[in-house]
Enquirer: 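Take this structure first; my questions come after.
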Number of protein chains: 2
Amino acid sequence: MQKIKLSTIGEALGVSTATVSLALRDSPLVAEATKQRVKAYANEIGYIYNRRAASLRTSKSGIIGVVVHDIMNPFYAEILRAIETELDRSGQTFLLSNHYDSVEKQRAFLETLMQLGADGVIMSPAIDTPTSDIELGIRNGLPFVFIARSVEGVDIPVFRGDDAFGIGLATNHLISLGHTRIAMIGATDQTSTGRDRYRGYREAMEKAGLPVRPEWRIPGPRTKAAGFEAASQFLALRDRPTAAVCWNDLVAIGLMNGIARAGLTPGVDISVTGYDDLEEASIATPALTTVWNGQRDVGRDAARALLDRIEGKKSLKGTLHLIRPELHIRQSTSQPVEE
Amino acid sequence: MQKIKLSTIGEALGVSTATVSLALRDSPLVAEATKQRVKAYANEIGYIYNRRAASLRTSKSGIIGVVVHDIMNPFYAEILRAIETELDRSGQTFLLSNHYDSVEKQRAFLETLMQLGADGVIMSPAIDTPTSDIELGIRNGLPFVFIARSVEGVDIPVFRGDDAFGIGLATNHLISLGHTRIAMIGATDQTSTGRDRYRGYREAMEKAGLPVRPEWRIPGPRTKAAGFEAASQFLALRDRPTAAVCWNDLVAIGLMNGIARAGLTPGVDISVTGYDDLEEASIATPALTTVWNGQRDVGRDAARALLDRIEGKKSLKGTLHLIRPELHIRQSTSQPVEE
């Protein structure tokens, strides 16, 4: 079937394309008589002004899905903003979902995207995502780009920071200040990011000949509230560490608030490092020493890669695109207090 | 055209409906021979397994749009989470957008929703939204529900907190502690929320016989970074106020960090109140006295109202649904320091 254009209708009736578009959408800006004339003619030649109908005739729906753990986490919000800026530029519609690390919720969203005929998806895969869920999408013609996390065994481009290197920067900074007892708060072994960051911390400690004690690791926290709660566990440790490397800025800021609530001064009594360099890291009290993780670069590059793929410009393979993190030193880290 | 069901195909071929569904989506879980058989039969009877096609035959697309100023603001994130919980329950797909107070960006999203045949939209309208944009949607059969803000002159249900009352709670609390010079930081006259909150502050001050000086109002800030920057302007005021009523928790936390950075103690030297009672208000240093604004109630009630409307349960009119705020007193407010 030949595609009928708005301009065809406009030319036939002697009105502008914009008027045709508005008339078909029943806009109050167009006179009733004109609307009737446009609709009658459109109907006569079989034109359906409906993107759903239009997308049946073309291969593109103009929809891109984005699914992450939790948009309430500013780390993802900063990535999403960068993705959105890119998608806006190309006129794509942005379909967002949180999976909260539920494989079922993620699968439901992916199925919705397939049913909508979405052009692609940018995702930070849920913990334990089975390769079959990704393969099902690929077989259904849904291009994927991963951000922040990867899935073993599938050949999908991944955009993320170099986590082991980044956490090493924070750990080495504390070691260079003279800290020898350093805790790691947050992170989980269930994600590639979690494994990489713990490895980076452990390797830096071992390389400096420092002990890595199991009780110095407090896994789990990834929010401010959890960091705040972890403060009491941290402060109660026997032979207490003088510094803490945190999973992210949220945990670090929560921990600093918890340390302050206990009557100690974060950045003086206990040195704390974050990860991500969120907007609020520099205005925290004290200003947070943290690892810049290139959220905006990750979002922008992932969106561009997907758009290129959709436009057939190049075929992305399962290349790992690592952003190189940077250490931003501020007031939350200092030499250990003399004991 | 009579609607063809998956079960019709299943019965004809002697396979389950689930198998038909998976086969049509080219699932690796179904044997190749079965897939071919299902697809051939579906093709023969003219079945198109495609939600876009399906939605042309039914009145519902299963899509609900949500558009707010900025999801990176935790106030909206908490509302969105509540909306999502409700939409998930009814199997709706969630199409999200930020308008960043651009009427054009909001209009583009609304047009996309109309073209997709969305079932409805929940929105916090952009500043200066023209009534014609809302009317266009209504004429195109798109039901609206507003959250947080309203638009003058259109008859749409609005779910939001009672802002004038809420800010009055915070202002009266400071007055009862003995403060007589109280600043208001943040807010804008361009939104109904901004006007209502400033009115609530002014009325509480006037009722107590206290002066309202123009220089005590620092309009604009609505983020932590802006609150942090406003601290220097606040601290430089001649005849400096001893307390600040802030537009929201983000501004209050930023201001407290700015006050601390200047060597003063927030909650002791300067009392500070927030608005929203975000998750982090209670873990801030000091813990923030703030006004609970019912974000979760707003999100849940708005989503339910829209779902009821879509299911034809009741026709919502332009009723204002006000959530009654509550004051949560914590450590960021105390009696003014003797001068």
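Every chain is numbered from 1 and lettered A, B, ... according to where its sequence line falls, protein lines coming before strand lines.
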Enquirer: Chain A heavy atoms under 4.5 Å from B:Ser282: which part of the residue, side chain, backbone, both or neither?
Expert: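 For B:Ser282, the backbone is the part near chain A, not the side chain.
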Enquirer: Picking from A:Gly65, A:Pro74, A:Ala284, A:Gly258, which has the most non-hydrogen pairs under 4.5 angstrom with chain B?
Expert: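 Looking at each option in turn, the highest pair count goes to A:Ala284.
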Enquirer: State the NZ-CD1 distance between A:Lys224 and B:Ile283, to the nearest 0.5 angstrom.
Expert: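 That separation rounds to 6.5 Å.
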Enquirer: For residues B:Pro286 and A:Arg261, determine if any side-chain heavy atom of one lies less than 4.5 Å from a side-chain heavy atom of the other.
Expert: no
Enquirer: Under 4.5 Å heavy-atom distance to chain A, tell me which part of B:Glu78 shows up: side chain, backbone, both or neither.
Expert: both
Enquirer: Would you say CZ of A:Arg296 has more than 12 non-hydrogen atoms from neighbouring residues, nucleotides or ligands within 6.0 angstrom?
Expert: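 Not more than 12 within 6.0 Å, no.
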Enquirer: For B:Leu250, is it the side chain, the backbone, both or neither that has a heavy atom under 4.5 Å from a heavy atom of chain A?
Expert: neither
Enquirer: Kindly check if the number of other-residue, nucleotide or ligand heavy atoms within 6.0 Å of CZ (A:Arg107) is above 12?
Expert: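 Above 12, so yes.
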Enquirer: Once you round to the nearest 0.5 Å, how far does CD1 of A:Ile63 lie from CD1 of B:Ile63?
Expert: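 Taking CD1 in A:Ile63 and CD1 in B:Ile63, the distance rounds to 6.0 Å.
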Enquirer: Taking atom CD of B:Glu279 and atom OG1 of A:Thr223, what is their separation to the nearest 0.5 Å?
Expert: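 It comes to 7.5 Å.
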Enquirer: Looking only at non-hydrogen atoms, find the nearest pair between A:Leu96 and B:Leu96 and report the distance.
Expert: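 Closest approach of A:Leu96 to B:Leu96: CD2-CD2, 3.0 Å.
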Enquirer: Using modelled atom types and a 3.5 Å cut-off, is there a donor and acceptor pairing between side-chain atoms of B:Arg81 and backbone atoms of A:Asp70?
Expert: no
Enquirer: What distance separates A:Ile253 CD1 from B:Ile253 CD1, expressed to the nearest 0.5 Å?
Expert: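 Result: 10.0 Å between the selected atoms.
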Enquirer: Check each atom of A:Tyr100 against the heavy atoms of chain B and say whether the ones under 4.5 Å are side chain, backbone, both or neither.
Expert: side chain
Enquirer: Would you mind checking which part of B:Ala287 comes under 4.5 Å of any heavy atom in chain A, side chain (CB onward), backbone (N, CA, C, O), both or neither?
Expert: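 Both parts, heavy atoms under 4.5 Å.
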Enquirer: Let me know if B:Asn73 has heavy atoms under 4.5 Å from chain A in its side chain, its backbone, both or neither.
Expert: neither
